[in-house]
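The next block holds one structure in the form of structure tokens; read it before the comments.
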Amino acid sequence: MKPKWPPHRDRDAPTRRAALGLIGGALSLATGSSSAAPGSGLAAAAARAGLVFGVAADSEVLADPAYRALILNNCRLLAPSNSLKFAALQPEQGVFHFEQGDALVGFAERNGLLARGHALFWNDYPPAWLQNKSSAELATVFDAYLDRVVPHFAGRLHSWDVVNEPFWLGRDRPGTFRPGPWLRAFGEDYVERAFRRTAALDAQAKLVLNEAWTECASPVGLAVRASLLALVDRLQDRGVKIDAIGLQGHIMPSEPWDEESFAEFLHALSARKLDIYLTELDVVDDALQGGVAERDGAAADLTRRLLKLALDIPAVKMVVAWSLSDKYSWLRNPWFTSRKHLSHVARPCPFDENMQPKPMAEAIAGAFRGARG
Ligand code: G3I
């Protein structure tokens, strides 16, 4: 039987309906059901297990009514995937653009969704204007950025990824600090500085350190786990407020995976009195073999394994899909596909390009239903 993804009350509904010019039938087809009982979407299943389920998405939410409906039917939280990044908010020195970020956070607020900030500092993808700055100039930019951006969103965000991907993920020197402008400005202390200043400017948002690759038992994944634990220890020893660790969860079938050591790592984080969020769940499915059904089945199995293990740990409080629909996955974005030769069109998400549930959606729903019973 097909899983049901029931309608959710959408405060933007008149706009959506007007834009579609229909709808009942077409929308219910797009979301899988028109008659299912309210509250049986993914977010509701998550809530019954004490979890928040959300999505990372951007301008497509505002542009695509079918996608918007899918999100509202299934999500409790929206994390703009790009519009709250440094290069989006300050594309030129001293010129701030809050329009797109405000539109997305406003959409979340109007529709009863939580909103998540991603991400204040990431040493990757700095805007070009930062390139030739001295360390002293970068330090000034860093502080001024926080002073402008954090108060702008204060009180409106559930959480901020204060630092994204602090560690280097290359095979050459895994687990060392990722180079970039902020490391150049302050050395490793940029992390502490960012957390302290953000806490002083927004007392409400949960402050998150977000990292990639920790699900993998490869040398890179293991090195990043060790570096992350050491960084948390250092920050906590120095009395820095840090509320949660974000583990991205871009599942990589091509990398080794070891349930026992990953569970140990999650326990080690929760022993440090931190919440854990799975912040960027999808399956990097390029390495999967076979036809669509086979690959979708394998992606669902991997998702089920990861969630079963993670949801056993009470510190895990949130799961965020990095796009709900394949249509908007970063792995289908020309920005990515033009740089990498993929063997097939990526299908990394719980719903397909027509907003129909895939086995991965059922795997997520099943993991929520089976969790913490
Ligand atoms: O919006 C412009 C568009 O105007 C322009 O025509 C086009 C040309 O390439 O670029 C568009 O912007 C791109 C944007 O994605 C939206 O498509 C940027 O160049 C591109 O850099 C940006 O990539 C994002 C990437 O982070 C870098 O910021 C991806 O969408 C986003 O999914 C990805 O997300 C990261 C997380 O932040 C951290 N963890 C890994 C994750 C996946 O890489």
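One-based numbering, in listed order, for ligands and for the atoms of each.
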Min side-chain heavy-atom separation D161-Y277 under 4.5 Å: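 Heavy-atom side-chain distance check fails, nothing below 4.5 Å.
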Show the distances, to 0.1 Å, for all pairs joining an N/O atom of ligand 1 and a protein N/O atom that are shorter than 3.5 Å, listing one pair per line.
from: ligand 1; atom 1: 17 (O); to: N333; atom 2: ND2; distance (Å): 2.7
from: ligand 1; atom 1: 21 (O); to: W335; atom 2: NE1; distance (Å): 3.3
from: ligand 1; atom 1: 26 (O); to: K85; atom 2: NZ; distance (Å): 2.9
from: ligand 1; atom 1: 28 (O); to: K85; atom 2: NZ; distance (Å): 2.9
from: ligand 1; atom 1: 30 (O); to: N82; atom 2: ND2; distance (Å): 2.9
from: ligand 1; atom 1: 32 (O); to: W322; atom 2: NE1; distance (Å): 3.1
from: ligand 1; atom 1: 37 (O); to: K85; atom 2: NZ; distance (Å): 2.7
from: ligand 1; atom 1: 37 (O); to: H118; atom 2: NE2; distance (Å): 2.7
from: ligand 1; atom 1: 39 (N); to: E165; atom 2: OE2; distance (Å): 2.9
from: ligand 1; atom 1: 39 (N); to: Q248; atom 2: OE1; distance (Å): 3.2
from: ligand 1; atom 1: 39 (N); to: Q248; atom 2: NE2; distance (Å): 3.3
from: ligand 1; atom 1: 39 (N); to: E280; atom 2: OE1; distance (Å): 2.7
from: ligand 1; atom 1: 39 (N); to: E280; atom 2: OE2; distance (Å): 3.4

Whether F142 and F121 hold their rings parallel, tilted or perpendicular, with breakpoints at 30° and 60°: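 Parallel.
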Residues forming a side chain to side chain donor-acceptor pair (under 3.5 Å) with R173, sequence neighbours excluded: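 Scan of R173 (side chain to side chain donor-acceptor pair (under 3.5 Å), adjacent residues dropped) gives none.
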With K273 via side-chain contact (heavy atoms from CB on, under 4.5 Å) - residues at least two apart: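 Listed in chain order: nothing, the list is empty.
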Sequence neighbours excluded - side chain to side chain donor-acceptor pair (under 3.5 Å) pairs with any residue from residues 308-321: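 Passing the test, one end in residues 308-321: D275-K317.
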Residues W182, F86; criterion ring pair (Phe, Tyr, Trp, His ring centres under 6.0 Å); working and verdict: CA-CA 12 Å; W182 317 123; F86 190 101; 5.2 Å; yes
